[in-house]
Amino acid sequence: MEENNNNNFVEAITDKSVDFKRWYTDVIIAAQLADYSPIKGCMVIRPYGCSLWENMKRFLDKKIKDTGHENAYFPLFVPESLLAKEAEHIKGFAPEVAWVTHAGQEKLEERLAIRPTSEAIIGSMYAKWIDSWRDLPILINQWANVVRWEKVTRPFLRTTEFLWQEGHTVHRTEEEAEEETLKMLEVYKDFMENDLAIPVYIGRKTEREKFAGALRTYSLEALMSDGKALQAGTSHNLGQYFAKVFNITFQDMDGERKFAWQTSWGVSTRLIGALIMVHGDDSGLIMPPKVAPIQAVVLPIWGNKTLEGAVEAKVKEVGEILADVCRFKVDDRREHTVGWKFNEWELRGVPLRIEVGPRDIEKNQVVLVRRDVRKKEFVPIEKLKDKVTELLNEIQKNLFEKARKFRDNNTREATNFEELSSMVESKQGFIKACWCGSEDCEMKIKEKTMATIRCIPFEQKNGKCVMCGKNGPMVYFAKSY
RNA sequence: CGGGGUGUAGCGCAGCUUGGUUUAGCGCGCCUGCUUUGGGAGCAGGAGGUCGGGGGUUCGAAUCCCUCCACCCCGACCA
């Protein structure tokens, strides 16, 4: 345990620079976002983490509904016969599907898969519900848990069971489906950048990286502060693949029976992992104010016995002022000193700290300290309300700007393979480079550098493939999670 | 799923090489009381362990052997 009187008061967590991966799990455990469970690969999301997820859900759920979607809930189980109907899709998931084979002692007549995703079960229902072009579009979203038996798991980033939302829509035309796919990509981008303060690059996935069974997959790619990229969300144009498998047809305006066009899109609790790795520092988490479970923590500093009553009264007054301003918590625990609490709440990433002590009572003020820049301010009680609102907004903006600058500063351009290779090796981050479009070159680059094509952005300038020299689009390469 | 590492109190560790003065210990945390509180407080007293599970060797196993499990790191696969 190292002693340091200036900056490093945190004993519980490893420094980011020393061991980023360990820092990541240390922070999660110490901040009580989650904990390991007795089940391999499964974690418990503790109240603090759950509250964060609920806040994230609230923002995203509203955006999903504002774009015309409704929530529904489909079964956890998928009969084997249904899942087996299509080959390509299930081939992508087969190794990670968990099966229910028994009910009590009795063997089931048909095995039930625990959904790794819900295309099959939802597709089978859509076939029942759709008959005419007038039934379209169907715009449904579900918040659910899914299970994928992963070999390697890490809290939030990849767990055996995880929480997510999956949108499943059906459209009359290919154009409409494509429009929906891209619309939701934008909804996600808006959510990630404005609510989570996580800047993302968006673009199309390569054939190799796309969702099993999809026509086209689009993704949002974020840069973690260790220089590795993280796929933060995906939106798929499923084409007519599942429609053909599950016989989702409708009679069109022209009287002809046609296969429907589908999309699916999802983001998961992995976003919590992203949030931790984008904003956190050596002292712990930093929560973007919009989704922070606690936006401000009020800490009474008791002083000597004769002043306690006055401090208590002032804390109560502060509480009343903040009541409809932000989500706050008064930490009046007696068992810890105030210094201890400073560190504790910094570790847990609360954006604003409000100190109320004997010296403040005389001046009718409080002390505000920002978590992101640790700046201290003395604020008169009558200005508290406006100041808190202002600071929370500023912190939200600052976190995004900081992350965007980091991402931009770590996005480099390579014109040939040697440059690409040395950039991956020495700097990490995103690397813009041209690629001919062949899987062959994609694989070669991956094998030689460990970097993969994260996405092909929409705004294009073509150039020579860093591998073979043929003409092709500029893409983002990165080592990724 | 391959390669490596770890597993002793809630957490971090020592003890293991060379089996027996160990009744398994230390720091932090925890409980009780008093004093404290503007950047991880002090004193006093106290609770807490089938040494990851199972099997074996031995008069005797935390210590040696086998096996299983979990977690971490590095690779192949994925949100």
Side-chain angles (χ1 to χ4, degrees), chain A residues 1 3-14 19-22 24-26 29-30 35-43 91-97 116-117 146-166 188 205 208-212 217 219-222 230-236 264-274 283 299-305 307-308 311 332-347 353-361 366-367 369 374 376 378 446-447 450 452 479-481:
Chain A
M1 212 172 301
E3 278 302 314
N4 184 328
N5 291 326
N6 294 317
N7 291 314
N8 185 17
F9 301 102
V10 180
E11 300 163 354
I13 61 175
T14 310
D19 186 341
F20 189 85
K21 279 166 198 266
R22 219 178 129 193
Y24 175 76
T25 45
D26 282 354
I29 302 300
D35 201 358
Y36 291 99
S37 77
I39 304 100
K40 183 185 164 81
C42 294
M43 62 173 179
K91 207 172 67 197
F93 284 104
E96 0 181 300
V97 172
T117 178
V146 289
V147 167
R148 297 179 190 175
W149 220 265
E150 300 285 352
K151 314 260 153 93
V152 178
T153 58
R154 305 198 56 209
F156 293 114
L157 296 178
R158 187 177 299 108
T159 47
T160 301
E161 178 187 7
F162 59 94
L163 306 181
W164 76 345
Q165 62 64 222
E166 46 181 327
Y188 284 154
K205 282 288 188 186
R208 219 189 134 264
E209 302 262 339
K210 79 177 185 187
F211 181 67
T217 289
S219 76
L220 303 98
E221 303 285 334
L230 182 82
Q231 180 173 302
T234 48
S235 184
H236 316 288
S264 73
W265 26 272
V267 301
S268 71
T269 35
R270 170 181 265 196
L271 283 175
I272 294 177
S283 300
L299 298 179
I301 296 148
W302 304 115
N304 62 51
K305 278 248 154 59
L307 288 166
E308 275 189 18
V311 170
D332 55 4
R333 287 176 296 175
R334 298 289 183 142
E335 63 266 34
H336 295 299
T337 61
V338 76
W340 192 94
K341 293 179 191 174
F342 288 172
N343 291 286
E344 172 80 350
W345 291 112
E346 281 177 9
L347 170 63
R353 177 171 87 227
I354 304 175
E355 301 171 24
V356 183
R359 294 209 291 274
D360 304 313
I361 291 172
V366 295
V367 180
V369 185
R374 285 211 173 79
K376 192 181 260 196
F378 301 91
K446 186 184 174 180
E447 275 162 28
M450 299 306 299
T452 51
K479 276 197 196 174
S480 75
Y481 273 95

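The sequence lines fix the lettering, A, B, ..., with proteins before strands; numbering per chain opens at 1.
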Anything under 3.5 Å between a protein N or O and an N or O of nucleotides 67-70 of chain B, put it in a table, one pair a line.
none

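- A donor-acceptor pair under 3.5 Å is formed between the side chain of Y188(A) and the backbone N or O of G266(A).
- When the P atom is compared between rC26(B) and rA61(B), the two are found 24 Å apart, to the nearest whole Å.
- Looking at heavy-atom distances under 4.0 Å, S268(A) makes contact with a base.
- By the 4.5 Å heavy-atom criterion applied to side chains, P358(A) and I301(A) are counted as neighbours.
- In this view, S264(A) and E119(A) satisfy the side-chain hydrogen bond (donor to acceptor under 3.5 Å, both in side chains) rule, not counting sequence neighbours.
- For R270(A), the side-chain hydrogen bond (donor to acceptor under 3.5 Å, both in side chains) test picks out no residue, with sequence neighbours left out.
- When the P atom of rA41(B) is taken as reference, atom CZ of F342(A) falls 11 Å away, rounded to whole Å.
- At a threshold of 4.0 angstrom between heavy atoms, the contacts of V267(A) with the nucleic acid are absent.
- With C1' as the reference atom, rG19(B) and rG27(B) are 28 Å apart, rounded to whole Å.
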I'd like a table of donor-acceptor pairs (distance under 3.5 Å, sequence neighbours excluded) in which one partner is a side-chain atom from residues 150-161 of chain A, with atom names and distances.
residue	atom	partner	partner atom	Å
T159(A)	OG1	E161(A)	O	2.8
T160(A)	OG1	G41(A)	O	3.4
E161(A)	OE2	N145(A)	ND2	2.9

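- Put simply, CG on N343(A) is 13 Å from C1' on rA41(B), counting in whole angstrom units.
- Checked against side chain to side chain contact (heavy atoms under 4.5 Å, CB included), S480(A) has the following partners two or more places apart in sequence or in another chain: A229(A), T452(A), R454(A).
- Separating the C1' atom of rC31(B) from that of rG48(B) is a span of 10 Å, rounded to the nearest Å.
- The OH atom of Y188(A) sits 11 Å away from the C1' atom of rA79(B) (whole-angstrom rounding).
- Using C1' as the reference atom, rG53(B) and rC13(B) are 23 Å apart when rounded to the nearest Å.
- Across the protein-nucleic acid pair, K341(A) atom NZ and rG39(B) atom C1' stand 13 Å apart, rounded to whole Å.
- In this structure, H336(A) atom NE2 and rG38(B) atom P are separated by 14 Å, rounded to whole Å.
- A close approach under 4.0 Å does not occur between any side-chain nitrogen or oxygen of T337(A) and OP1 or OP2 of rU37(B).
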Please table the atom pairs, donor to acceptor, closer than 3.5 Å between any side-chain atom in residues 334-342 of chain A and protein atoms at least two apart or in another chain.
residue	atom	partner	partner atom	Å
R334(A)	NH1	E308(A)	OE1	3.4
R334(A)	NH1	E308(A)	OE2	3.3
R334(A)	NH2	E308(A)	OE1	3.4
T337(A)	OG1	W340(A)	N	3.4
K341(A)	NZ	D331(A)	O	3.0
K341(A)	NZ	R333(A)	O	2.7

Please produce a list of atom pairs where a protein N or O lies less than 3.5 Å from an N or O of nucleotides 72-78 of chain B.
residue	atom	partner	partner atom	Å
rC72(B)	OP1	Y36(A)	OH	2.7
rC74(B)	OP1	K21(A)	NZ	3.4
rC74(B)	OP2	K21(A)	NZ	3.3
rC77(B)	OP2	K446(A)	NZ	3.0
rC78(B)	O2'	E150(A)	OE2	3.3
rC78(B)	O2	R158(A)	NE	2.5
rC78(B)	O2	R158(A)	NH2	3.1
rC78(B)	N3	R158(A)	NE	3.2
rC78(B)	N3	R158(A)	NH2	2.3
rC78(B)	N4	R158(A)	NH2	3.3
rC78(B)	N4	Y481(A)	O	3.4

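- By the side chain to side chain contact (heavy atoms under 4.5 Å, CB included) test, T217(A) is found to be paired with K205(A), K210(A), F211(A), A214(A), T234(A), H236(A), residues two or more places apart in sequence or in another chain being considered.
- Look at rG33(B): its Watson-Crick or wobble partner, with both distances under 3.5 angstrom, is rC43(B).
- Here the separation of rG5(B) from rC66(B), taken at their P atoms, is 14 Å to the nearest Å.
- Rounded to a whole angstrom, the distance from the C1' atom of rG25(B) to that of rA9(B) is 11 Å.
- If you check every strand for non-hydrogen atoms under 4.0 Å, P300(A) touches nothing.
- Within 4.0 Å (heavy atoms only), G357(A) reaches at least one base atom of the nucleic acid.
- Applying the ring-ring contact (aromatic ring centres under 6.0 Å, His included) test to W345(A) and every residue at least two apart in sequence or in another chain returns nothing.
- Using atom C1' as the reference point in both rU57(B) and rA76(B), the two lie 40 Å apart (nearest Å).
- Looking at which nucleotide of RNA chain B each of V369(A) and C42(A) is closest to, the 5′-most match is held by V369(A).
- rA24(B) and rU50(B): their P atoms are spaced 13 Å apart (whole Å).
- Pairing for rU6(B) goes to rA70(B), judged as Watson-Crick or G-U wobble with the two contacts each under 3.5 Å.
- R353(A) contributes no side-chain N or O that forms a donor-acceptor pair with the base of rG38(B) under 3.5 Å.
- Within the 4.0 angstrom heavy-atom criterion, no nucleotide atom of any strand lies near T160(A).
- Whole-Å rounding puts the R333(A) CZ to rU37(B) C1' distance at 14 Å.
- Taking the side chain of E346(A) as heavy atoms from C-beta on, and the options rA79(B), rG39(B), rG38(B), the nearest nucleotide is rG39(B).
- You'll find the side chain of I13(A) reaches within 4.5 Å of the side chain of L347(A), heavy atoms only.
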